[in-house]
Amino acid sequence: MEETPGFDHPSDNQNNQLRPNEECSPDMILQEGEEGLPEWRQNMPSWPSPQRFMDYSDMFGHRHGHSEQGQGGWLLVILHLAFQSIGVVYGDIGTSPLYVYPSAFGKGVIKYKEDILGVLSLIVYTITIITLVKYVFIVLLANDNGNGGTFALYSLICRHAKVGMISSQVKDGEQFGAELPKDRPQQQAWRSRLKSALEGSYSAKLLLLLATMLGTSMVIGDGVLTPCISDKIVWISVAILVCLFTFQWLGTDKVGYCFAPIICVWFALIGGIGLYNIFKFDPRVIRAIVNPIYIVHYFKRNGKDGWISLGGIVLAVTGSEALFADVGHFTVRSIQISMCSVTYPSLILAYMGQASFLQHHPDLVSDVFFKSVPGPLYWSMFVLAVLAAVIASQAMISDTSSIIQQSLTLGCFPPVKIIHTSTKYKGQVYIPEINYLLMLACVCVTLGFRTTGRIGNAYGIAVVSVMILTSAFIMLIMILIWKTHMLLVISYLAIVGSVEILYLSSVLYKFYEGGYLPLGFAAALMVIMYVWNDVYRRKYQYELDHKVSPEEIKEIAADPNLCRIPGLAIFYSELVQGAPPIFRHYVENVPSLHSMIVFLSIKSLPIGKVPVEERFLFQRMEPYELNVFGCIVRYGYTDLRYEAEAFERTFVERLVEFAREDLYALEPFDDGGSGRRNRECSVIRASDQARTSGGALELQAHIRDKVDVLEKARLDRVVHLIGETEVVAEKGAGIWKRVLIEYAYNFLKKNVRQNYMILDIPHERMLKIGMTYEL
């Protein structure tokens, strides 16, 4: 399992595409743009991301190298992932038959026998419209490089419109070579006006970011509400939950294999029992599926009570968001296959079977699931129900891992250790700190919420709120990115949007009966995300505004009081070009520098492996006599991360090789010097000076001296210099800004994992440099 540094700069994980054996041009210069976007990333060669599904061709499994395995190969991989997804994604929605009917008829009384068909029709059409049509066939296509969730939708929108509150948002089409749909001339005008209105409004940008954080927090809060079967087995559920979280380090791949057979048996049995009950009690319940008029009659008979019952019916689609949030662990096609072939048919049969049973036993609605189970299967279903209800937490755990990883990428969450648990699938990650915090939260909720009624009330608000936020983002994507015809957008709003708003109005009615709990979780997480992101952006902008210019570096080099000491110093920085302000602070207080200095930035790419010979991108910085280099170290998501001794050795070797190739590049070709020697290497040249024959000889001699210095630095001690920055509000700042920066952010920073711990830098060769940023 490989660890990922959890503090990469936003969007660097998404867009640093690398084409193996690609030749790099000397003109690809490292420059930091006004919004933090380096020019070299704009010039990077187009390389289709292994997890990209923006166009329909990718839905057929061409991912993780599937296209290289042939048609039979990728089909087996897709089926393999579809099987795993059953054990990870569908635990939540698969256990909904345990409590939907009791929650819909909250008082345990069915006033009219026809209400059973009305509720069944509502359940079936809700699952079909929300889960199947919306999520499986629309929302899944809006993934961001294979990642799902609210942050993925936000990132996708920000790459096509300048609406991001996060630095380094980039356009999607250029980076990934995606062909966006062409717009009709008559529709282009109003789309452009909408885009301009969003880009020109600070309030709209802030609203989008806050909506993203709210949706993300709601998903986590929703998942924490693990359903319980009854008071009698609550401690058994707690014990199984602890075991479930304890074994998360094995990874989604292995956990999915363990749970998939259980959930498959669960779906087979609830579907089979449902079919048995349909034929045994009342096959005519199929009328509720064919004719939605029963929904209209249901509301006419029950009025306000029917509207309130929607808060229980909506529990039939709990876990739908997991289909999208967990797509990074699997593929679009694998989830579509498992949903359409296993989950959807089983759920529909289960609900129809219960409705058929209630036609003859309406007084047993409060415990209809177990009462409708044939006697010989009762205890088997009881055990499976306990296991399935607890396994439902697996979807939440996988969702949360994906969400936190995306939040880190966008600078919206404090640093945590991310461990990639699979060498084949990028999205399968394990986060130890988050895992154990979630375990504590799930256990507390399981002990505190002992009845499905209270859990249902808490579930409802979180579930529907996330659905509405997702629909809002999807409509923006339809308009700005997919360029969907306006009639289809209006149809989506009229059908899906109206259904979700109706459900939201109902669940809000039970706010004081448990609905406050997910909102409390969401509020706490949202505060953490907002505080961290706001100060993160301020810090990064401060470093951009105060970075050391080349002129200042020349002045430092010319200072006669500056003492040079042997060895190699590595300054770690978020900036991909130039020296961070902490370098100036260091020189002013310690007027000495090592003989070789490198400003190093570590970035993660959305590809499996980066060859060692292509991992380091160097930039020589002027003046040359100071021996200062910039370096970007690129890792794939399955690469072994940062082992100090091996890293230092490889790093110095590549640095020496870079200097030597500078020397070779100055030598003329054998064909008369009409060009330069072609180099197939991943090296970036910082300048392309015009060289005369005399100047070239002098520069060659200079570079030979530099290589000698580098060779000596290989033998000297390597020192790692880490910036230990403290942030304070600038003088004259308001009370809100002071509370945000000096109290909220600093409190979070002191209680989270530090950057040097994530990098595993050896303490005996680490030097922390303290500096205060006035933001």
Note to self: Run Ile129 and Lys134 through side chain to side chain contact (heavy atoms under 4.5 Å, CB included) and show every step you take.
What the structure shows: CA-CA 6 Å; Ile129 293 173; Lys134 174 186 170 180; 5.9 Å; no

Notebook entry, point to check: Ser320 and side-chain hydrogen bond (donor to acceptor under 3.5 Å, both in side chains): which partner among Thr126, Thr131, Asp92, Thr470?
Noted result: Thr131

Quick one: [atom1] on [X] to [atom2] on [Y], what's the gap to the nearest 0.5 Å?
| X | Y | atom1 | atom2 | answer |
| --- | --- | --- | --- | --- |
| Thr128 | Tyr344 | OG1 | OH | 2.5 Å |
| Cys158 | Leu153 | SG | CG | 11.0 Å |
| Trp482 | Leu488 | CH2 | CG | 11.5 Å |
| Leu469 | Met213 | CG | CE | 13.5 Å |
| Phe83 | Ile263 | CZ | CD1 | 11.0 Å |
| Ile477 | Ile138 | CD1 | CD1 | 11.5 Å |

Does [X] use its side chain to pair, donor to acceptor, with the backbone of [Y] at less than 3.5 Å?
| X | Y | value |
| --- | --- | --- |
| Ser155 | Phe151 | no |
| Tyr125 | Ile289 | yes |
| Ser471 | Met467 | yes |
| Ser96 | Ile93 | yes |
| Ser121 | Ala288 | yes |
| Gln354 | Pro97 | yes |
| Tyr90 | Cys264 | no |
| Asn143 | Leu140 | yes |

Any side-chain heavy-atom pair of [X] and [Y] under 4.5 Å:
| X | Y | answer |
| --- | --- | --- |
| Val496 | Ile130 | yes |
| Tyr503 | Ile313 | yes |
| Tyr99 | Thr318 | yes |
| Phe473 | Leu208 | yes |
| Met381 | Ile270 | yes |
| Leu120 | Met352 | yes |
| Phe324 | Val466 | no |

Check: What are the two closest non-hydrogen atoms of Cys340 and Leu132, and how far apart are they?
Finding: SG-CD1, 4.0 Å

Next item on the list: Search all heavy atoms of Gly94 against all heavy atoms of Trp266 and return the closest pair with its distance.
Entry: O-NE1, 2.8 Å

Check: How far apart are the C-alpha atoms of Leu156 and His160, what are their side-chain angles, what is the distance that settles it, and do they pass the side chain to side chain contact (heavy atoms under 4.5 Å, CB included) test?
Finding: CA-CA 7 Å; Leu156 190 62; His160 290 82; 4.1 Å; yes

Next item on the list: Determine, stepwise, if the pair Tyr351 / Tyr101 fulfils side chain to side chain contact (heavy atoms under 4.5 Å, CB included).
Entry: CA-CA 9 Å; Tyr351 287 118; Tyr101 279 108; 3.8 Å; yes

Next item on the list: Check whether the side chains of Ser85 and Ser334 place a donor and an acceptor atom closer than 3.5 Å, and report yes or no.
Entry: no

Next item on the list: Could you check Arg191 against Ile479 for side chain to side chain contact (heavy atoms under 4.5 Å, CB included), going step by step and ending with a plain yes or no?
Entry: CA-CA 7 Å; Arg191 295 185 199 276; Ile479 296 170; 3.8 Å; yes

Next item on the list: Return yes when atom CD1 of Ile286 has more than 12 non-hydrogen atoms of other residues, nucleotides or ligands closer than 6.0 Å, and no otherwise.
Entry: no

